[in-house]
Every structure is written in structure tokens, then in C-alpha cells.
Amino acid sequence: MTVRLLTNIGRLWTGNDVFSNAAILVHNDRIAWVGRAADLPQSVPGVVDDIVDVDHVENLGGALVTPGLIDAHTHPVYAGNRYAEMAMRSGGSTPSAITAAGGGIGSTVTVTRGTDPWTLCNGVRERLRAWLLNGTTTVEAKTGYHLTRDGELADVRLLRELEKEPMMPRVHVTFMAAHVVPPEYFGRQRDYVEAVGAWCADAAAAGADSVDVYCDEGHFTAEEAHWVLASGRSVGLLPRVHAGAYSRRGAVQLAAELGCASADLLHHTTDEDIAVLARYGVPAVVCPGTALQRGSLPPVRRMLAQGVTVALGSDHNPGHCGITSMSLVISLAVAAFGMSVGDALRAATLGGATVLGVPDRGVLTPGRLADIVQWDADHEGAFAWAFGLKPRRVWRGGTPVQ
Ligand SMILES: N=CN[C@@H](CCC(=O)O)C(=O)O
């Protein structure tokens with residue numbers, strides 16, 4: 001049993017309250033008490049009889065403290081890179097020109113399939129570690145670059161195994177074999193959709209938490225997405241959907257119909273879509289890094305105004321965006337989506353916890369996980385200023401990350 005007191009916190013942004021001159025008492029992996037240091041009780045029943053007897057006292061030097069950040073949308077299981085494709089796109093090349101030059105998602109599928117598991121594992125480990133060191137204590141991570149039954153299931157297991165290692169964030173594993181149609185199924189898209197539906201039970205058994213489908217032009221129709229998501233839901237996976245990244249193809253309505261845990265990206269979203277999200281309580285995951293890359297921004301302020309729960313994601317993937325810093329994502333959300341710092345920080349903490357169905361985190365209150373970040377600043381406004389505010393220290397479940 002370990003009791004840890006974090007004290008001399010200049011500004012504590014808990015997600016529910018803001019305290020100045022604050023302290024946090026941590027008992028094992030959970031928060032035991034938070035508040036103004038002046039109100040710290042002498043004893044906390046079941047935790048410590050006398051506050052002078054805590055095992056560790058850490059002076060945070062007047063810094064800003066927040067909950068550990070949560071990245072609600074990433075694609076980290078891949079090998080290789082597509083830097084040349086990024087350069088082409090920046091120079092105005094069309095998606096068909098990029099594909100003709102050997103780029104696109106299919107090229108990552110080829111490289112990932114040809115990479116040995118050890119090398120793939122090392123790459124994913126490095127990425128996940130970067131998230132944690134940047135202050136993100138929970139990462140949603142999708143499969144989707146093997147697109148074979150065995151490869152996708154190995155990806156699920158890889159993520160589950162990596163999460164157990166030291167220096168890793170918590171991982172929410174999403175099975176996304178329905179990313180694109182792989183080459184061996186060209187001309188047989190329906191067969192692939194049915195195969196993926198059947199693989200969902202294996203993915204759940206391998207440890208996946210969610211199932212996701214890319215419902216968009218050049219990917220899957222709403223009817224195909226329905227098949228896969230309903231299959232996943234029937235075996236206990238949380239359904240989520242890539243909706244409106246390039247075009248509106250009925251994904252928002254589908255998300256409402258299936259009670260999806262999230263509709264993601266949402267660049268092409270009308271007021272009617274927003275009303276559907278609000279009415280059916282479907283949270284939105286928005287990703288400023290890739291929205292800026294594509295030059296089409298989701299109407300986030302209108303979503304918030306209509307009461308839609310918003311979470312933020314990096315949308316880290318090999319083809320568009322290498323961000324592993326949610327503090328940078330917060331800066332971009334403020335600058336590009338016009339979110340207030342408070343709304344963006346909430347979307348990167350409580351919003352993510354809501355979307356991932358993990359009520360044990362995202363807010364610093366007694367009983368929640370002690371996933372905590374001390375930042376190199378004394379006010380949360382620094383997130384808007386810094387474009388990549390750095391953590392000074394991160395605790396995962398009460399344990400300092402070295
Ligand atoms: N967000 C998900 N997938 C990306 C593609 C990923 C890639 O290009 O590898 C997309 O939006 O297109």
C-alpha cells in the first residue's frame with residue numbers, strides 16, 4: 001500500500017473544479033482526496049491516520065496539474081512511413097495520383113504485412129511510449145493495416161500485451177479490419193464485409209474493446225458498415241464509426257441507429273447531422289491534425305452548442321498525421337476549431353473517457369484513477385499558447401513515469 005501526497009500545486013484543473021494552492025492525496029492507484037492544500041485533513045479514513053505518515057511527499061513547485069490526457073482516435077499499428085506521399089499531397093497531388101505513385105493506405109498494408117512481428121512491435125511500443133511521455137495516459141488504438149483475419153487478431157493481441165509493459169499508457173483496443181478493402185478482395189467487397197463481421201467474435205476473444213468501420217467514399221457504405229458494427233456489437237464490442245471524413249454517406253444516421261459509442265472525424269457534417277448526434281446522444285470525436293491536413297474542419301462549436309459530447313483525437317496514422325501529443329491537439333483544437341481552452345481540455349480528458357466508456361478516469365476526484373500530469377506552466381491557458389505544452393511529470397495509476 002502506498003500513500004503519496006502531491007503538494008504545492010499552483011493550479012489544479014480537476015475537470016470538475018479549479019483549485020489554487022492545491023494538493024492531491026493518492027492511495028495506491030486511486031485519488032483519495034483533492035482540494036486546497038489549506039483544507040487537507042489530518043487523517044483520511046482507510047488511507048492514512050496522520051497525514052505526516054504518508055510514504056511520499058512531492059512538491060510540484062506551483063505548477064499546473066490536470067488529469068492524464070486521453071487520445072480518443074489513433075491508428076498506431078503500422079510499419080514504414082509515407083513521407084513521400086505527404087510531400088506529394090502538399091504539392092497538390094490528387095488521391096488517384098498518390099495511389100498511382102504507389103501510395104495510400106494500401107501501401108502501408110503491403111509494408112505492414114511484410115514486416116516481422118518483432119519489428120512491428122518495437123515501432124508500436126515506441127509510439128505508445130511517446131504518448132505517455134507527452135502526458136497522454138489513455139490511448140484508443142485501432143488495428144487496420146493487416147486486413148487479414150490472423151494479422152488483425154495479432155494486432156489486437158499486440159496492443160493488449162504492450163499495455164502490460166512498464167512505461168505504457170492504458171490502451172483501448174479497437175478492431176478495424178473494415179478500414180479499406182484489401183487487394184485480395186477487390187471486386188468482392190461484400191465477401192470482405194461478411195468475413196470481417198465473422199472475425200468480430202475472434203477479435204472480442206483476443207481482447208478488443210471496440211469495433212470501427214470507415215464509412216465513406218472509397219471505403220464502406222452505410223449498409224456494409226451496419227453489417228460489421230452490428231456483428232461487433234452482438235459479441236460485446238463497442239461500435240464506432242469513421243463518419244463524414246470526405247463525404248456524407250449516412251454514417252451519422254447509422255451511428256444513431258446502432259447507438260454507436262462515437263462518430264469520428266465529421267468534417268462534412270450538416271446541422272441536421274448535429275441534431276441527430278445530439279438527439280441520440282452519440283459523442284463526436286474530432287481530430288484537428290487530420291482536419292487541417294484535409295482542409296475541411298468539423299463544425300465543433302455548433303456541436304457543443306447543441307449539447308453534443310465532444311472528444312479529441314490525434315488521428316495519428318502513417319498517411320496524414322504523426323502527432324502523439326494531445327497537448328498539441330488541444331492547441332490545434334483551440335486555434336482551428338475555435339474551442340475554448342476549457343472545452344478543449346475537457347474534450348481531451350472527460351470527453352475521451354465518455355467515448356471510451358471508462359468512467360474511472362478523465363477527472364481528478366476521489367475514487368478515480370490517479371492518472372495525473374504536472375505541466376510546464378502555471379495555467380491551462382498555456383495549452384493555447386504553447387502548441388505542444390510539455391509535461392514535467394506524469395503519474396499513471398499513482399506511479400511516476402520515469
Ligand atoms: N483516420 C483514418 N484513416 C485515414 C487513413 C490512414 C492512412 O492514410 O493510412 C484516413 O482518414 O484516410
Side-chain angles (χ1 to χ4, degrees), residues 71-90 93-115 120 123-124 127 139-147 151-152 155 172-183 196 210-220 225 228-229 240-249 251 255 260 262-269 284-298 311-324 326 329 332 355:
D71 191 334
H73 186 128
T74 83
H75 300 255
V77 189
Y78 63 86
N81 72 64
R82 308 220 303 271
Y83 302 153
E85 173 181 327
M86 293 294 297
M88 282 181 75
R89 192 180 298 118
S90 72
S93 294
T94 61
S96 53
I98 289 170
T99 307
I105 296 179
S107 68
T108 297
V109 171
T110 303
V111 174
T112 304
R113 285 179 177 182
T115 297
L120 180 64
V124 181
R127 285 173 207 128
V139 177
E140 185 270 0
K142 302 176 199 298
T143 69
Y145 291 105
H146 269 112
L147 310 183
E152 292 290 313
D155 293 346
H172 181 103
V173 180
T174 298
F175 175 66
M176 199 179 175
H179 197 180
V180 286
V181 177
V196 172
S210 291
V211 57
D212 197 339
V213 178
Y214 209 126
C215 180
D216 216 315
E217 210 172 301
H219 295 257
F220 297 93
V228 173
L229 294 176
R240 47 188 85 247
V241 62
H242 280 58
Y246 297 100
S247 61
R248 289 178 71 238
R249 301 205 59 181
C260 279
S262 66
D264 295 40
L265 304 181
L266 296 164
H267 305 150
H268 298 276
T269 304
V285 176
V286 291
C287 305
T290 47
L292 286 164
Q293 285 286 354
R294 295 194 178 101
S296 53
L297 304 179
L312 285 172
S314 63
D315 196 8
H316 175 104
N317 71 70
H320 295 83
C321 180
I323 295 176
T324 53
M326 282 301 289
V329 170
L332 295 174
V355 158

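These figures come from a predicted structure and were not determined experimentally. For the numbers below, each heavy atom of this structure counts, side chains included, while hydrogens, waters and symmetry mates do not. Order of listing sets the numbers, starting from 1, for every ligand and every atom in it. In this chain, residues are counted from 1 in sequence order.
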* Asked: Does one side chain, of Asp315 or Thr290, offer a donor that lies under 3.5 Å from an acceptor on the other?
  ->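 Indeed, the side chains of Asp315 and Thr290 share at least one donor-acceptor pair under 3.5 Å.
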
* To do: Examine distances only and state if a side-chain atom of Asn317 and a backbone atom of His75 form a donor-acceptor pair shorter than 3.5 Å.
  =>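 Checked: no pair found.
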
* **Gln293 side chain vs His320 backbone, donor-acceptor pair below 3.5 Å** =>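 Confirmed, Gln293 side chain pairs with His320 backbone.
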
* **Residue among Glu140, His316, His242, Arg240 satisfying side-chain hydrogen bond (donor to acceptor under 3.5 Å, both in side chains) with His73** =>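 One option only clears the test, and that one is His242.
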
* Asked: Should the ring pair His179 and Tyr145 be called parallel, tilted or perpendicular, given that the plane angle runs from 0 to 90° and is split at 30 and 60?
  ->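 Answer is perpendicular, since the angle exceeds 60°.
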
Please tabulate, one line per pair, the protein nitrogen or oxygen atoms found under 3.5 angstrom from a nitrogen or oxygen of ligand 1, with distances to 0.1 Å, or say none if there are no such pairs.
| from | atom 1 | to | atom 2 | distance (Å) |
| --- | --- | --- | --- | --- |
| ligand 1 | 1 (N) | His75 | NE2 | 3.1 |
| ligand 1 | 1 (N) | His242 | NE2 | 3.4 |
| ligand 1 | 1 (N) | Asp315 | OD1 | 2.9 |
| ligand 1 | 1 (N) | Asp315 | OD2 | 3.3 |
| ligand 1 | 3 (N) | His179 | NE2 | 3.3 |
| ligand 1 | 8 (O) | Arg82 | NH2 | 2.6 |
| ligand 1 | 8 (O) | His320 | ND1 | 3.4 |
| ligand 1 | 9 (O) | Arg82 | NH1 | 2.9 |
| ligand 1 | 9 (O) | Arg82 | NH2 | 3.4 |
| ligand 1 | 9 (O) | Tyr145 | OH | 2.6 |
| ligand 1 | 11 (O) | Tyr214 | OH | 2.6 |
| ligand 1 | 11 (O) | Arg294 | NH2 | 2.3 |
| ligand 1 | 12 (O) | Tyr214 | OH | 3.3 |
| ligand 1 | 12 (O) | Tyr246 | OH | 3.3 |
| ligand 1 | 12 (O) | Arg294 | NH2 | 3.1 |

* Sequence neighbours excluded - side-chain hydrogen bond (donor to acceptor under 3.5 Å, both in side chains) pairs with any residue from residues 97-109 ->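 Listed once each, the pairs are Arg82-Thr108.
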
